Amino acid sequence: MNRSPKTYRVKSFGCQMNVYDGERMAELLDAQGLTATDGDDADLVVLNTCHIREKAAEKVYSDIGRLRRDDGSRPLVAVAGCVAQAEGAEIHRRTKDVDIVVGPQAYHRLPELVADAAQGRRVADTDMPADSKFDALPKRARQVRPSAFLTVQEGCDKFCTYCVVPYTRGAEVSRPWAAIVDEAKALVDAGAREITLLGQNVNAWSDGGRGLHDLIEELAKLPALARIRYTTSHPNDMADGLIAAHRDIDKLMPFLHLPVQSGSDRILKAMNRSHTSESYLRILDKVRAARPDIAISGDYIVGFPGETDEDFEATLEIVRRIGHSMAFSFKYSPRPGTPAATMPDQIAPEVMDERLQRLQALIVEQQLAFNRRTVGARTSVLLERPGRHPGQLIGKSPWLQSIVVDEGAVGDLLDVDIVAAGPNSLTGVLTRKQAA
Ligand code: 5AD
Ligand code: SF4
C-alpha cells in the first residue's frame, strides 16, 4: 500500500508554542513538496494537541473520529503536541484511526514518519533527543504574518504540582543566541513587524551569561522590527535587567503576562510555586515603577485540592490588588502523573464552577475598566487580520487590546485614536494629521 499524501492540514490547539510548532511542521511539509489546504479533503491531517487540562486532552479523540469521511475513508492522521508526548504509543492502542504519533521535541522527523505511514506502518516517535530539533528545521518561510512567534526557550524545571508541562515538554532548554537572532532576521525579512518571544519560562532564557533583556536589546536593533513581546514568564525569573528593559527599550511593548495562579500562600505552597502573594506584588511594584502604563495579564487556577473559601477569597483579593488588563482563569484539572492529582481534598465540581464564575466576573470588570481608561488615547495599532465586516480590520494596541478600525491593510502599523471600549475589543479611528 502506498498512500503518499499530496496535501496536508495542520490544526493546532492550546498555547502559542503549539501555534509556532504547527507553523514549523507546515514549513517542513511544504519543503517535502506537500501543499497546504484548509478544506476537509487533506490527504494528511496533523492534530497538534494540548494536554494542559483534561478537556483539551479528551477532545483529541473526538477530533480523530470526525476526520472520517462520508464514504468511510479517512486521511493519514498524525497526532502531535503534548497529548502525543504524554500518551505515546498508547494512542495507537486506543484507536486504529491514527497513523503517526509525534512528540513536541521530535517533529523535525515528521517527513520520515509520514513516509513510513504512507507505507501502511503505524509509527510513534516521542524521543527527546539531545540534539535540538531546531537545527533540523528548514529556514523560516518566505511569507509570515505581521505578528510572528519565535520560540527561544522550551520546557520547565519548576514542577508546579498541578502541571504536566515539565513532563510533556521536558527540561528547561534555551536556544542559542545566534540561532534566535538569525531566525528573527529571517522573520523580519519575511514581513514580520512584531515578534513575540516564546517559552514556557521565557524569562529564564539565558545563553553564556546573557539574559532575555540582552536578547531583546539586540533584536530591538533590527530597523524593520517595530514591536517585541515575550511570554510566558515566571515571577521568580523576573530579573532586574528585564524589568529595566521595560523602561529603556521603546520597542518592548508595555504588556506582561505574569501568572500568580492563586492569592493564598497556603495554596501557592501546595502548588510548589516558590513565591508568595506578597513577593509577587513586590515584583509588580518594581515593574510598574519602571513602566507605569504596563498592562498586567495572568493565569489563575480555582479549586486546587484543599482550596477553602478563605483561600479563594485571597485569590479575589490579589486580583483586586493587581488590577489586570486581562487574565485567564481555569478550573483545576487533575493531570495523570502530577503530584496534585493524588492530593486529598479534591474540590467538588459545583464549588469550582461557582468560584470560576465569581473570578471571571471580576476579571471581566477589570478588563472593561482597563479598556475604558484607554478611550481618548492616541496609540499605535498593528493590523493583523480582516474584521467581520467588509473594510474592517483588527489589530493590537501596545497593551495587546484588540482594536477594530475601518481603514488600512493587514501589516500596517497605524496611529489611531481610541474612541470606544468593550470588555474584549475597542474601536479606533485613524489619527488625521492636524493642519498646521
Ligand atoms: N488544571 C488547570 N489549569 C492548569 N494550568 C496548568 N495546569 C493546570 C491544571 N492541571 C493553567 C495554569 C497555567 C496555564 C497555562 O494553565 O494557570 O498558567
Ligand atoms: Fe507548569 Fe509551573 Fe512550569 Fe508554568 S512554571 S509550565 S505552571 S510547572
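None of the values given here were measured: they were computed from a predicted structure. For ligands, and for the atoms within them, numbers begin at 1 and follow the listed sequence.
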- Query: Can you find an N/O atom of D299 closer than 3.5 Å to an N/O atom of ligand 1?
  - Reply: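 Yes: some nitrogen or oxygen of D299 is under 3.5 Å from one in ligand 1.
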
Sub-4.0 Å atoms of ligand 1 with respect to non-hydrogen atoms of [X]:
{"X": "R53", "value": "1 (N), 2 (C), 3 (N), 4 (C), 5 (N), 11 (C), 16 (O)"}
{"X": "I52", "value": "5 (N), 6 (C), 7 (N), 8 (C), 9 (C), 10 (N), 16 (O)"}
{"X": "Y332", "value": "1 (N), 2 (C)"}
{"X": "R335", "value": "10 (N)"}
{"X": "Q261", "value": "12 (C), 13 (C), 17 (O), 18 (O)"}
{"X": "K331", "value": "1 (N), 2 (C)"}

Does a donor on one side chain sit under 3.5 Å from an acceptor on the other, for [X] and [Y]?
{"X": "D265", "Y": "S277", "result": "yes"}
{"X": "S380", "Y": "R227", "result": "yes"}
{"X": "T231", "Y": "Q16", "result": "no"}

Salt bridge check: are [X] and [Y] linked by an N-O gap of less than 4.0 Å?
{"X": "R321", "Y": "E278", "value": "yes"}
{"X": "K286", "Y": "D240", "value": "yes"}
{"X": "D21", "Y": "R169", "value": "yes"}

- Query: Are F159 and Y167 an aromatic pair by the rule of ring centers under 6.0 Å?
  - Reply: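 That pair passes the under 6.0 Å test.
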
- Which part of Y162 is near ligand 1, with near meaning a heavy atom under 4.0 Å away: side chain, backbone, both or neither? both

- For ligand 1, note which part of I301 has a heavy atom under 4.0 Å away: side chain, backbone, both or neither.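 Only the side chain of I301 comes within reach of ligand 1.
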
